[in-house]
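Pasting in a structure now, in structure tokens, and then I'll have a few things to ask.
Proteins come first, then strands; the chains are lettered A, B, ... in the order of their sequence lines, and each starts at number 1.
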Protein chains: 2
Amino acid sequence: MSTAKAEPDALKAAARPAPGAAAGSQTLLRGLDILDAVAAGATDLAALSAALGTTRSTTHRLAAALVERRYLTFVPREGYGLGPKLLELGFRAQAAMAVPQVARPHLERLSATCEDTIHLGILDGEWALYLDKIPGRRRVEISSRVGERQPVWSTGLGKALILDLDEARWRDFYQVGQARGARHARDLDTWLARMRDYASRGVAFDHEENEPEVRCVAAPIRKAGGAIVAGLSVSSTAQYMDEARMERLVGEVVATARAISRALGWSGGG
Amino acid sequence: MSTAKAEPDALKAAARPAPGAAAGSQTLLRGLDILDAVAAGATDLAALSAALGTTRSTTHRLAAALVERRYLTFVPREGYGLGPKLLELGFRAQAAMAVPQVARPHLERLSATCEDTIHLGILDGEWALYLDKIPGRRRVEISSRVGERQPVWSTGLGKALILDLDEARWRDFYQVGQARGARHARDLDTWLARMRDYASRGVAFDHEENEPEVRCVAAPIRKAGGAIVAGLSVSSTAQYMDEARMERLVGEVVATARAISRALGWSGGG
DNA sequence: TGTCAAATCCCATATTTTGGGATTTAGTTT
DNA sequence: AAACTAAATCCCAAAATATGGGATTTGACA
């Protein structure tokens, strides 16, 4: 039941087939697919049915269950939308992680002095996962979302998160990135050389490696004992982020990361 | 398949049987129940099985699907936790609503001058739904969560949301509240008299009607045209909120609500 | 009042889920 | 170091559940 319908392409993501996925929960998975479809912009039953490849009947039953549980909202003329239950669980999920709580005020302080987008994130397997974000106040905004994942090897935040690992691990992250089809691949040796430099300075940069025109300065956050538990980055478009400014930001970014680390119980820091 | 198991009672909420619920999606609903159970503190398969009343097998399959879709996290020694996908969808749900976006900076400004908990909410059927919250900085904190619902008739925020309705509607909200077993019921006439007073002043109070010891001052937020689209409240415990302070807060709260209304395009406001 | 599109409901069929129990994985004890 | 324990994970026949075609209702609009 291919879904290559007319879909405005706004409903891009939502890869249904599932990789080596766990089968045996079709109904549950379809329900979750509905959440994805709604998040991607589907608003009526027809769009949902098309996205799932199921009949109106089935789609309606699933959607109705989600509405009843407040995972979706439904307004007769308007259609479906993400529901308050997701708000609740989302904020709970964030609250369950200690780092964002502690970091928030520090991020806000940093945000007050720079006009750019600030991200807080952790390492999630082979990805960098955003846990919090303070939008910048420039005319152009970095389009990222809390809960989203970005490649480790190409983002400043990602590189900050793996600063302490050895070169073998660095290679792994680089290769995973290449395998997933890196957009602006650089050769491994250059990348490793930069990583060594970043590691020795305790900061990481992103010179438009992940996204053209987007640059950032990032630093690792450490918990008691010194292990890296999170990272912090300041991002902006190239026009606001020339080399000189990136260097000027380093002090602030590192200082903020250190302050958060201290709040988490890390007393080190030559 | 009755669920009257041993449940440690820590997993209180999660009323399974579902009221006049939509049947025909057992698997999906059970999956959602798992999310609730994890949110309520269950961390291992045994706890989840107990909460759902299903066997380890079934529970495991559902949980595995949720983990695969990142709605849950699973760490061998630690157990299950709410996953990053919920973060993503939660923040998206919030972003989909325009009001929180516009209101945030104003709420933060208000928060800077008062030490108390600030809530932003909208009317959701017969409930007041919290869309955003800035925690207070007092020793005791108001335990509320974004995404949660509270009765309209007994909360300051709720009353602010229905300030423009006529008396017949007010009665409806009051009666729904009574039907649901109000805790500190007041007689209808007194309540209506107060509502009239609130409506004429453009503020609403909560004198420990919803929760003993919790008081608040609330004001409605209006969109272009003047219709109430949201509300704003400042809450604290009685010890920090005597009558005098509540009166003193009115100006600030109303001013903030007005500022947000103006940002939403409302130009009215005698 | 009539028309049309979308949502909602119904029910026999067959596909999907279920759960008992076997197996594997890790951490702890002897 | 090997046996023990607890929890997670996997397997498969039986049975309950979800499915979707089509009928019906709802409500906006003419």
> Tell me: CG of A:Leu48 to C1' of C:dA6, nearest whole Å?
Replying inline: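 For the pair A:Leu48 CG and C:dA6 C1', the rounded distance is 13 Å.
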> Quick one: side chain to side chain donor-acceptor pair (under 3.5 Å) partners of A:Asp124, sequence neighbours excluded?
Replying inline: none
>> How many whole angstroms separate atom CG of A:Leu29 from atom P of D:dT19?
In response: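 After rounding, the reported distance stands at 11 Å.
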Identify all pairs in which a protein N or O lies below 3.5 Å from an N or O of nucleotides 20-23 of chain C, and state each distance.
from	atom 1	to	atom 2	distance (Å)
C:dG20	O6	B:Ser57	OG	2.2
C:dG21	O6	B:Ser57	OG	3.1

> Is any side-chain nitrogen or oxygen of B:His60 closer than 4.0 Å to OP1 or OP2 of D:dA8?
Replying inline: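 Answer is no, no contact under 4.0 Å.
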> Quick one: which of D:dG20, C:dT8, C:dG19 gets closest to the side chain of A:Phe74?
Replying inline: C:dT8
> Using the C1' atoms of five pairs at each end, what's the angle between the two axes of the helix from C:dT1-D:dA30 to C:dT30-D:dA1, to 10 degrees?
Replying inline: 50°
> Considering residues at least two apart in sequence or located in another chain, which fulfil the side chain to side chain donor-acceptor pair (under 3.5 Å) criterion with B:Glu126?
Replying inline: B:Arg180
>> List the residues meeting salt bridge (charged side-chain N to carboxylate O under 4.0 Å, His left out) with A:Asp44, not counting sequence neighbours, and say none if there are none.
In response: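 Residues passing salt bridge (charged side-chain N to carboxylate O under 4.0 Å, His left out) with A:Asp44: none at all.
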> Hey, does the side chain of B:Arg30 come within less than 4.0 Å of C:dT18's phosphate (OP1/OP2), counting only N and O?
Replying inline: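 Answer yes for this pair, as a side-chain N or O of B:Arg30 is under 4.0 Å from OP1 or OP2.
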Give the table of side-chain donor-acceptor pairs shorter than 3.5 Å for residues 78-95 of chain A, with sequence neighbours excluded, one pair per line with atom names and distance.
from	atom 1	to	atom 2	distance (Å)
A:Lys85	NZ	B:Asp36	OD1	2.7
A:Arg92	NH1	B:Ala39	O	3.1
A:Gln94	NE2	A:Leu131	O	2.9

> Of A:Thr27 and A:Arg77, whose closest DNA chain D nucleotide lies nearer the 5' terminus?
Replying inline: A:Thr27
>> Could you work out, with side chain to side chain donor-acceptor pair (under 3.5 Å) as the rule, every residue matching B:Thr27, not counting sequence neighbours?
In response: none
> CD of B:Glu68 versus P of D:dT9: gap in Å, rounded?
Replying inline: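 Between P of D:dT9 and CD of B:Glu68: 13 Å.
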>> On a heavy-atom basis, which atom in B:Leu120 and which in B:Pro100 lie closest, and how many Å separate them?
In response: CD2-CA, 3.7 Å
> Of all the nucleotides listed (D:dT19, C:dT8, C:dG19), which has the minimum atom distance to the side chain of B:Thr54?
Replying inline: C:dG19
Could you list the donor-acceptor pairs under 3.5 angstrom formed by side chains in residues 160-173 of chain B, with sequence neighbours left out?
from	atom 1	to	atom 2	distance (Å)
B:Asp164	OD1	B:Arg222	NH2	3.3
B:Asp164	OD2	B:Arg222	NH1	2.7
B:Asp166	OD1	B:Ala168	N	3.2
B:Asp166	OD1	B:Arg169	N	3.0
B:Glu167	OE1	B:Arg196	NH1	3.1
B:Glu167	OE2	B:Arg196	NH1	2.6
B:Trp170	NE1	B:Ile162	O	2.8

> Taking only residues two or more places apart in sequence or in another chain, which ones pass side chain to side chain contact (heavy atoms under 4.5 Å, CB included) with A:Thr59?
Replying inline: A:Ile34, A:Leu45, A:Leu48, A:Ser49, A:Thr54
> Start at the 5' end of DNA chain C and walk down; is the nucleotide closest to A:Leu28 or to A:Tyr80 reached first?
Replying inline: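 Mapping each residue to its closest nucleotide by heavy atoms, the 5'-most match is A:Tyr80.
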> Within a reach of under 6.0 Å around CZ of B:Arg104, are more than 12 heavy atoms found that belong to other residues, nucleotides or ligands?
Replying inline: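 Yes, the 6.0 Å shell around CZ holds more than 12 heavy atoms from other groups.
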> Please give, in whole Å, the distance from C:dT15 P to A:Arg61 CZ?
Replying inline: 16 Å
Would you list the protein and nucleotides 5-7 of chain D atom pairs, both N or O, that sit under 3.5 Å from each other?
none

>> A:Thr43: which residues meet the side chain to side chain donor-acceptor pair (under 3.5 Å) condition with it, sequence neighbours left out?
In response: none
> So, is A:Gln26 near the phosphate of D:dT19, with a side-chain N or O under 4.0 Å from OP1 or OP2?
Replying inline: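 Yes, within the criterion.
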>> Can you confirm whether A:Arg56 is buried at CZ, in the sense that more than 12 heavy atoms of other residues, nucleotides or ligands lie under 6.0 Å from that atom?
In response: no
>> Just to verify, what does A:Ser57 make a side chain to side chain contact (heavy atoms under 4.5 Å, CB included) with, not counting sequence neighbours?
In response: A:Thr55
> For the pair made of CG in A:Leu62 and P in D:dA18, what is the distance, rounded to whole Å?
Replying inline: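 Whole-Å distance recorded here is 9 Å.
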